[in-house]
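The structure under discussion appears below in the form of structure tokens.
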Amino acid sequence: MSASDYRTRFAPSPTGYLHAGHAFAAAQAFGAAEEAGGTCLFRIEDIDQTRCRPEFEQAIYEDLHWLGFDWPEPARRQSEHFDDYAAALKKLTDLGLTYRCFLTRKEIARRLDAADVAVSPAGERPFFRPEPILSADEEAERIAAGEPFAWRLSLAACRDYLGHGFEALEFKEDGADEAIENGVTQAHPEWLGDVVLARKDAPTSYHLAVCHDDALQSITHVVRGADLYHATHIHVLLQTLMGWHTPIYHHHSLVLDNAEKKLAKTRNSTSIRDLRAAGARPEDILAGRVES
Ligand code: GLU
């Protein structure tokens, strides 16, 4: 690969104002592209229409430009492409790899408790399609009654479909966080279980949209936070099922606050705009020389 073929992306979700952790993540992605003589695209991951807000999106553009980042325009906005994700979901459904799950979150939690399901290395309790599966008649009745459901990926069906290929799923981790092993890693989709691909109020999930777009945008390297490391174990499966190329991954460490907690919009970590208003300069924020 020549240096200029290197393509990564920075893909924030406009669910709040960016904080120092985002600035660090952006510096990782844009910096990696610069070092490789490649390109870093910018993507707005705004599929969650209940949490994303236009003012946050506007602020992301302003903050990133103020920090000194630039990218090829136009940026892709996921909310403008729900049809693409629906087509990907249809393909998986046509292959017999998805199912409608009518269980509420509460009911799923109850079943996981009852079955004493342990937390997997991905930090969650994986859910798998319950047996016996719903009959076509019962399913039709529930749909006719307007019962909400989620489309889930059936790992059992994926296993049948891929045969030995399921155990052979792997990805390359390049220069990772010290907690994550470097080199070629076997993917363990079963750590995440039958993930949701779409819901009634959300026509696509993060997993499907991100894999779709990384393929569409010919991303060769994904540079993102270590909090998304386990998601990669499902992403490799989706890429393989859909015939999409698997990029090389680099999961970088996260910026922690004084209490050693990950910075988060929900934890009121100081926003870049507040730091700017308080007189911080871009180079201070990018060098981590600010209290967050
Ligand atoms: N949109 C995701 C986030 O804001 C990042 C997705 C990714 O880099 O794969 O956490």
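Quantities reported herein were computed from a predicted structural model and do not represent experimental measurements. Ligands are counted one by one from 1 in listed order, and the atoms in each one are counted from 1 as well.
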**Request:** Could you please spell out the steps behind the side-chain hydrogen bond (donor to acceptor under 3.5 Å, both in side chains) verdict for His252 and Arg224?
**Result:** CA-CA 6 Å; His252 60 74; Arg224 65 182 174 199; over 6 Å; no

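Salt bridge status for Arg159 with Glu167: present, with a side-chain N to carboxylate O gap under 4.0 Å. In this structure, Asp48 pairs ionically with Arg51, as a charged nitrogen and a carboxylate oxygen lie closer than 4.0 Å. Under the 4.0 Å criterion applied to side-chain N and carboxylate O atoms, Lys91 and Asp94 are not assigned as salt-bridge partners.
Heavy-atom proximity to Arg9, at under 4.0 Å, picks out these atoms of ligand 1: 7 (C), 8 (O), 9 (O). Close approach of ligand 1 to Val210 is summarised as follows: ligand atoms under 4.0 Å from at least one heavy atom of the residue are 9 (O). Interface of Pro12 with ligand 1, defined as ligand atoms under 4.0 Å from a residue heavy atom, comprises 4 (O).
Contacts between Leu228 and ligand 1 below 4.0 angstrom, taking non-hydrogen atoms only, involve the side chain exclusively.
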Show me, pair by pair, the donor-acceptor contacts under 3.5 angstrom made by side chains of residues 237-247, not counting sequence neighbours?
from   : atom 1 : to     : atom 2 : distance (Å)
Gln239 : OE1    : Thr246 : OG1    : 2.7
Gln239 : NE2    : Tyr249 : OH     : 2.9
Thr240 : OG1    : Val236 : O      : 2.7

Can you list, pair by pair, the side-chain donor-acceptor contacts under 3.5 Å of residues 146-155, counting residues two or more places apart and other chains?
from   : atom 1 : to     : atom 2 : distance (Å)
Arg152 : NH1    : Asp194 : O      : 2.8
Ser154 : OG     : Ala157 : N      : 3.0

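Remark: distances from the non-hydrogen atoms of Tyr206 to ligand 1 include one below 4.0 Å.
Of the listed residues (Ala11, Gly225, Ser13), the one carrying the non-hydrogen atom nearest atom 5 (C) of ligand 1 is Ala11. Remark: among candidates Glu45, Arg43, His235, the nearest residue to atom 6 (C) of ligand 1 is Glu45, based on non-hydrogen atoms.
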